[in-house]
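Data first, discussion second: the structure below is written as structure tokens.
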Amino acid sequence: MLEKWSKMSVREAMIALAGEPPAYGAQARWLAGIAKKVGASYRTARSLWLNEIKDPNHWAAREVRRQAEIEKARREANLLATKFEKIAEGSNAHKNLSSSDIAALVHAASILRSMDRT
């Protein structure tokens with residue numbers, strides 16, 4: 001799965017990881033948050049953002065992409081868990097779902113939510 005993200009620019013991965021960058025005066029906190037998530041210094045995160053580090057295989061660039069991939073997977077798991085829970089809650093409307101199907105959906109949602117915490 002990392003191959004898909006390796007084509008993403010580091011800036012795109014930073015935005016995927018931490019959201020849209022704030023206005024100019026508040027970027028230091030945003031970059032510090034990214035640095036903490038990837039285990040880098042603020043200066044390294046800033047250098048990535050400003051494209052001072054041009055090597056796409058630099059360890060920090062790879063780690064930003066990897067963490068962005070993990071964050072995306074967490075968001076997708078959370079959305080899927082929410083869908084499962086909504087289907088299970090609305091099971092009266094879905095007469096074709098058995099109680100074991102509903103239990104399986106609730107269990108799957110629970111597993112997905114627990115994965116989100118790790």
Please report the interatomic distance CD1(I34) to OH(Y42), rounded to the nearest 0.5 Å. 10.5 Å
Applying the side chain to side chain contact (heavy atoms under 4.5 Å, CB included) criterion to V64, which one of M14, R11, E12, M8 satisfies it? M14
Interatomic distance, L48 atom CG to K54 atom NZ [nearest 0.5 angstrom]: 11.5 Å
Please check if I53 and L17 belong to a single hydrophobic cluster, counting links between Ile, Leu, Val, Met, Phe, Trp and Tyr side chain heavy atoms closer than 4.5 Å. yes
Heavy-atom check, side chain of I15 versus side chain of P21, under 4.5 Å: yes
Do you know the tightest heavy-atom contact between S41 and A35? O-CB, 3.5 Å
Heavy-atom side-chain contact between L79 and R75 under 4.5 Å: no
Sequence neighbours excluded, every pair satisfying salt bridge (Lys or Arg N to Asp or Glu O under 4.0 Å) that has a member inside residues 21-40: none
Examine L50 and V38 and state if one hydrophobic cluster contains both, with Ile, Leu, Val, Met, Phe, Trp and Tyr joined whenever side-chain heavy atoms are less than 4.5 Å apart. yes
Would you mind checking if E69 and R65 are paired as a salt bridge, meaning a charged N to carboxylate O distance below 4.0 Å? no
When you compare the side chain of W30 with that of E20, does any pair of heavy atoms fall below 4.5 Å? no
Take T44 and S47, measure what side-chain hydrogen bond (donor to acceptor under 3.5 Å, both in side chains) needs, and give me the verdict at the end. CA-CA 5 Å; T44 300; S47 294; over 6 Å; no
Just to verify, what does R43 make a salt bridge (Lys or Arg N to Asp or Glu O under 4.0 Å) with, not counting sequence neighbours? E52
My understanding is that only residues two or more places apart in sequence, or in another chain, count here; which of them pass side-chain hydrogen bond (donor to acceptor under 3.5 Å, both in side chains) with Q67? E63
Determine the minimum heavy-atom distance between A13 and A68, stating which atoms define it. O-CB, 3.5 Å
